[in-house]
Amino acid sequence: MVTRKIRIADHRGRDAIVLLVPVSHRFEKRNQDMESNPVESIRRVKGTKETHSDVLLKRYSDSDDLVRVLIAEDPEVDIELVGRATGSCDRVYMSGRGDVVYTPGIVEIRYGTDGTEIERRPKRIRPANAATTNVPTWSGTLIPVGDAVRRYEFVRAYQVMHQNALEFDFLLGIAAYLHERESMVLVGTGKHGRGSLILERNGPRYRGFLNGRVMGDGMRLVLYLAQSELRLSEDTE
Amino acid sequence: MTLLLETDDGISEFALTSVERKGKKAKRIAVDSEGRQCKPMLMTHDGHILPSGSTALLYDDGDGNTIDRGEIVETDEYGNLLRTLPSTIGRPQRLSETVQPEELLEYVMQKAYALTPMILVSDLKELLAEGCILKVPFRPRASSTDNPAFILSNSEGMFLLQGQQCRMDFVTLDQSITVSDENEDEDSWDEAWESEQLGGAEW
């Protein structure tokens, strides 16, 4: 589980760096066999770069030679590896010559709404901005819950959590404020606290909203992220 | 896709159109020093290179025995067998309950559709005009997962939001958590390899 951090301000002008814990799905499916034994999925090796058909076709340009070798020597099967669980793997990049490229350049290809390529350009690094050294601002933009759920599609949610008593008091204050007003508050970056949030480097931009509830000694403060408003596309119109 | 909703006044029929998420589509590719596209591959911890298509996902019983997919059943977390439910597309679904807006905050939305009414009966039209949010079973294909969908309207039109219910609990002072900094500023490059939504403009 990747726990992120966010620096947020409250309605009293205080700010703190707190934790964002991804919410888990309430309904979890499991697999079992007919005898009720648990079953898990495992990724296993079928072949390697050396046994790949492209490599064999390059090595044996004559198809008759290739057929003879396939029958006699089984070069398409690595007896030591086939069937083995892959375990955790790293992603690597291979050049057209078949060499590992250790520091590939990253090019971004952008497409228009009709799917045609618009431009290619070197990828710019877009840093995360949720927990920077910049002092955050309380946006003060409150939206009733009913309006927010009709206007935005919330595609991600994180429970905002504390690491100590001071942070708990800070978050409890925000949760109580929002609970009392039955509203969500816009959480963002920039001078007015309304800019988009980027939670991970090169990640997508989101518009963030906090919803808070208080019950007894407990509180629930959740950051909801929306990528878009609910609007009809031109096609639908 | 066609959505059929049944209310007291009859059956309403809607065409479903996926709502595209914001931003222009973009794809990132890795290139070598000469600008030629590189192929992404996997490397095992002992250095074997695995090209695309050279692995297989199999089911294993824990003793190393592979289980055929047809011999696997799905259960919930308590071990109760889950049966496959039919698709709801093209089958009238009875609308029986309206929900409070707060209920939508128990879900993370997976998909949004714009609804174009072909037949809209009067009682459903009134409910949506009053701002009611309706909950309905929604399975685009047969599935053992019964995630509901919410039907609502705003000034733009009518929409269906398919959600997945999430676990969000009240926490108290003694439920603090501690984390290390190792995951800070993790790059989303890998997970966004194929394509990503790029928000072009600031909100």
Side-chain angles (χ1 to χ4, degrees), chain A residues 2-3 23-26 28-31 33-34 37 39 41-44 46-49 52 89-90 92-96 101 104-105 107-111 128 145-146 149-150 153 155 157 161-163 168 196 200-205 207 215 217-218 220 222 227-228 230-233 236, chain B residues 17 20-22 25-32 36 38-44 48-49 51 54-61 67 71-72 74-75 77 101 104-105 108-109 112 114 152 154 156-157 159 164-168 170 172-173 176-179 183 185-189 197 199 203:
Chain A
V2 178
T3 302
V23 294
S24 59
H25 298 139
R26 188 162 287 278
E28 290 175 9
K29 281 197 287 191
R30 292 177 185 170
N31 292 320
D33 65 15
M34 297 297 185
N37 299 312
V39 171
S41 60
I42 293 183
R43 189 170 293 279
R44 295 189 181 278
K46 285 199 307 188
T48 65
K49 181 168 152 278
H52 198 264
C89 293
D90 291 319
V92 294
Y93 300 98
M94 203 65 64
S95 73
V101 180
V107 171
E108 189 173 272
I109 308 171
R110 293 169 70 86
Y111 299 92
V145 172
V149 299
R150 286 185 185 88
E153 179 195 1
V155 294
M161 294 286 291
H162 57 287
Q163 292 189 92
F168 180 81
S196 53
E200 64 265 336
R201 186 169 58 221
N202 292 331
R205 295 173 190 274
R207 180 168 260 202
M215 191 170 66
D217 296 338
R220 201 184 93 164
V222 179
Q227 242 180 338
S228 57
L230 285 172
R231 285 184 179 153
L232 300 179
S233 65
T236 312
Chain B
T17 312
E20 292 297 322
R21 289 177 181 165
K22 187 184 174 186
K25 289 279 183 191
K27 187 170 81 171
R28 296 169 185 171
I29 59 168
V31 294
D32 62 19
R36 291 174 304 198
C38 300
K39 287 181 184 171
M41 298 187 185
L42 298 174
M43 185 167 73
T44 63
H48 293 287
I49 305 290
S54 57
T55 62
L57 200 61
L58 302 172
Y59 291 99
D60 190 291
D61 67 358
I67 310 292
E71 294 176 12
I72 292 173
E74 290 180 323
T75 68
E77 58 190 307
L104 273 72
L105 297 181
V108 167
M109 299 308 162
L152 52 82
N154 62 22
E156 291 279 328
F159 297 92
Q164 187 162 26
Q165 195 171 18
C166 293
R167 198 184 296 273
M168 304 175 203
F170 282 83
T172 54
L173 174 61
S176 64
I177 57 173
T178 307
V179 295
N183 292 320
D185 203 20
E186 179 197 324
D187 201 320
S188 75
W189 162 253
Q197 301 280 343
W203 282 84

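Within every chain, numbering begins at 1; the chains are lettered A, B, ... in the order of the sequence lines, protein sequences first and strands thereafter.
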Below 4.5 Å, heavy-atom pairs only: which of [options] has the largest tally toward chain B?
options	value
A/V92, A/D33, A/V145, A/N37	A/V92
A/M34, A/M94, A/K49	A/M94
A/A157, A/S95, A/S41, A/G105	A/G105

Residue selection (most heavy-atom pairs with chain A, distance under 4.5 Å) from B/T44, B/I49, B/L42: B/I49
Top of B/P101, B/S54, B/G157 for chain A proximity - count of heavy-atom pairs under 4.5 angstrom: B/S54
A/D217 side-chain N/O to B/T172 backbone N/O, donor-acceptor pair under 3.5 Å: no
Whether A/R44 side chain and B/A56 backbone form a donor-acceptor pair below 3.5 Å: no
side-chain contact (heavy atoms from CB on, under 4.5 Å) between A/I109 and B/K27, worked out: CA-CA 5 Å; A/I109 308 171; B/K27 187 170 81 171; 4.3 Å; yes
Pairing residues for A/R220 by the side-chain hydrogen bond (donor to acceptor under 3.5 Å, both in side chains) criterion, not counting sequence neighbours: B/E106
Contacting moiety of [X], where chain B heavy atoms sit under 4.5 Å:
X	result
A/H52	side chain
A/V23	both
A/D90	both
A/V222	side chain

Please give me the minimum heavy-atom distance between [X] and [Y], naming the atom from each residue.
X	Y	value
B/I177	A/M161	CD1-CB, 4.1 Å
A/N31	B/Y59	ND2-CE2, 3.6 Å
B/V108	A/V155	CG1-O, 2.9 Å
B/C38	A/V101	SG-CG2, 3.8 Å
B/E156	A/L230	CG-O, 3.7 Å
B/L152	A/V149	CD2-O, 3.8 Å

Nearest-0.5 Å distance, CZ of residue A/R150 to CG of residue B/L104: 9.0 Å
Any side-chain heavy-atom pair of A/R30 and B/T75 under 4.5 Å: yes
Derivation and outcome, side-chain contact (heavy atoms from CB on, under 4.5 Å), residues A/K46 and B/T55: CA-CA 5 Å; A/K46 285 199 307 188; B/T55 62; 5.8 Å; no
